[in-house]
Amino acid sequence: MASERRVRGDSTPGAGDTRARYRRILRFAGRNLAVIWWYELLLPRIGLAGVAERTRSKRMRRFAQRFHVLAVDLGGLMIKVGQFMSSRLDVLPPEITAELAGLQDEVPAVPFPAIRALAEAELGMPLERAYASIDEVPIAAASLGQAHRARLGPLDRADTGLDAVVVKVQRPGIDAIVDVDLAALRKVAGWLSHVRLVADRVNTHALVEEFAQTSLEEIDYLHEAANAERFAADFAADDRVAVPVIAWERTTRRVLTLEDVTAIKITDAAALAAAGIDPAEVAPVFAAVMFDQLFTNGFFHADPHPGNIFVTPAAAQATTGTEPASGGPAWKLTFIDFGMMGEVPPSTRRGLRKLLIAAASRDGKSLVDAVRDVGVLLPSADTAELERAMTQLFARFGGMGFAELREVDPREFREFATQFGDVVRSLPFQLPENFLLVIRAMSLTSGVCSALDPGFNLWDSIEPYATKLLRDERGNVVQDLAKQALETAGLAWRLPKRLDGLVTRLDEGSVVVTNPSLERRVARLERSARRAVSAAVFAGLLVAGAVLRADEVVLGTVLMVGSVVPLLHALLAGRWGR
């Protein structure tokens with residue numbers, strides 16, 4: 001509510017601009033929701049589902065293209081929304097995710113005088129005192145901030161051990177823009193929560209709040225700096241990974257100063273080859289490092305796109321005093337930009353480990369069980385069809401690398417994707433907290449690895465890692481067996497008393513057997529039957545009225561007007577019965 005008040009507050013500087021931005025986002029959302037309502041809700045209810053089906057792919061693609069234009073024009077969180085949607089493979093069609101997958105921070109750089117003013121206000125001193133020098137041309141400009149190269153002064157160099165640094169400065173006014181965008185997104189989420197087609201698939205309020213939390217953390221550079229140090233601590237003894245050092249003396253909520261670790265972009269094959277590094281050797285190391293973050297540490301980089309990972313050769317490491325230990329790799333993976341990080345709770349991490357082991361062993365049933373353990377599937381889900389689909393998936397495509405998958409007939413892919421999608425859409429599922437970021441991280445990891453090595457086979461990295469996890473799991477077997485023995489002993493102790501109570505209730509005739517799932521299905525069938533009868537009555541009255549009206553104007557008109565009642569029942573009974 002506070003954010004919406006700020007949107008409408010005339011006393012806020014630039015209030016007219018914020019109101020116009022707010023209204024533009026809502027107009028875009030309103031128009032597209034109206035289109036969805038017409039094609040996906042109304043037409044199928046009046047027997048024109050075929051029209052909606054034939055035009056769906058084109059409509060989805062047009063929506064994504066228009067949103068792309070809106071996001072680039074407005075900047076701010078709209079670009080983040082596009083990137084966010086592009087990773088929602090679980091609830092959005094491929095026409096949308098594919099169009100938005102390449103959406104980048106396509107915004108112009110902020111003029112340096114505005115950057116200077118904000119940085120000096122944050123640091124409490126002129127830039128000439130804060131830094132020995134600073135480059136006015138940014139090395140990167142994004143929707144939330146931009147980065148400039150600089151050099152620290154003599155005293156700061158002595159304190160930090162750093163010389164060349166990168167200074168990240170927020171875009172002026174980004175706090176107000178984020179506030180406006182989140183207010184608009186919360187309003188749209190409220191609208192969507194009333195659309196059954198959407199509400200049955202995803203909790204829109206929770207989705208927006210998760211996005212809001214991630215976005216607010218991204219514009220807090222103190223939070224990013226703390227994330228960088230935590231990430232560095234996780235890999236402190238790992239020769240494969242490097243992390244830039246934070247210059248805390250020159251860091252605030254809106255200005256972040258950190259070591260300049262610019263090196264070879266991870267997907268720059270020519271530069272890697274020139275440095276004597278084989279890209280095909282980098283891919284499995286990168287995959288293994290990401291697996292460690294997700295399945296072991298539980299704290300992971302959620303935005304590992306190529307611009308956020310460098311490959312630093314040993315020679316470059318030596319200049320900063322971070323040369324690898326004896327026997328270590330001749331290069332390191334250097335991660336930057338820790339604004340978007342994810343955490344995997346221990347319970348979810350255990351489920352993810354089981355999922356990885358099941359995938360590596362091509363076990364469809366175990367994989368479905370692991371998906372349930374992770375919390376994606378609700379306990380009431382009937383997973384028999386999903387298990388069969390996963391078994392077919394492993395039997396046909398299991399173990400194939402990206403190069404091999406390209407050889408498969410596209411028609412076979414489409415046919416399987418249609419069948420598999422129908423099965424998934426029929427199941428009640430939800431996304432656990434932070435699981436969206438897990439999906440995003442794994443999707444980007446897969447993309448980077450395939451860019452490094454077109455013949456890269458993710459299974460080659462999953463299988464040895466899963467084997468290691470399996471060994472770790474077996475190390476806890478004795479502890480698990482002891483726990484199960486105690487639980488069994490407790491059950492055996494309570495069993496006689498529970499049986500005695502059950503017999504007593506049977507004698508009294510007070511035992512009631514219910515099947516909630518069956519009752520719900522019967523109720524749905526009853527509602528469907530009533531709606532079908534109403535639709536038939538509507539059609540009969542309408543046709544009869546039209547026929548009689550030629551001779552009996554009054555009676556024909558009454559019948560046609562009266563047909564509205566069963567029509568309303570046919571259209572709204574499903575909503576009333578929820």
Side-chain donor or acceptor of Arg250 paired with backbone N/O of Leu256 under 3.5 Å: no
For the pair Arg253 (side chain) and Asp220 (backbone), establish whether a donor and an acceptor sit closer than 3.5 Å, ignoring hydrogens and angles.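 Pair absent, no side-chain N/O of Arg253 close to backbone of Asp220.
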Tyr39 six-ring face occupied by Arg59 cation (under 6.0 Å, within 45°):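 Verdict for Tyr39: a cation-pi partner in Arg59.
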Distance to the ring centre below 6.0 angstrom and angle to the axis at most 45 degrees; does that hold for Arg230 and Phe299? yes
Salt bridge (Lys or Arg N to Asp or Glu O under 4.0 Å): pairs with one or both residues in residues 124-148, sequence neighbours excluded: Arg116-Glu128
Side-chain heavy-atom pair Leu144, Arg171 within 4.5 angstrom cut-off: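 Heavy-atom side-chain distance check fails, nothing below 4.5 Å.
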For Phe112, check ring pair (Phe, Tyr, Trp, His ring centres under 6.0 Å) against everything at least two apart and list the hits. His148
Would you say the ring centers of Phe335 and Phe300 fall short of 6.0 Å from each other? no
The reported gap from CZ in Arg440 to CG in Asp303 (rounded to nearest 0.5 angstrom) is 4.5 Å
About how many Å separate CD1 of Ile96 and CD of Gln65, when rounded to the nearest 0.5 Å? 11.0 Å
Got a sec: does the CH2 of Trp38 have more than 12 other heavy atoms crowding it under 6.0 Å? no
Once side chain to side chain contact (heavy atoms under 4.5 Å, CB included) is applied, do any residues pair with Ser215, and if so which ones, sequence neighbours excluded? Leu77, Phe211
Between Phe286 and Cys449, which heavy-atom pair has the shortest distance, and what is it? CD2-SG, 3.8 Å
For Trp248 against Ala226, the heavy-atom pair lying closest together: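 Trp248 and Ala226 have their closest heavy atoms at CH2-N, 4.0 Å.
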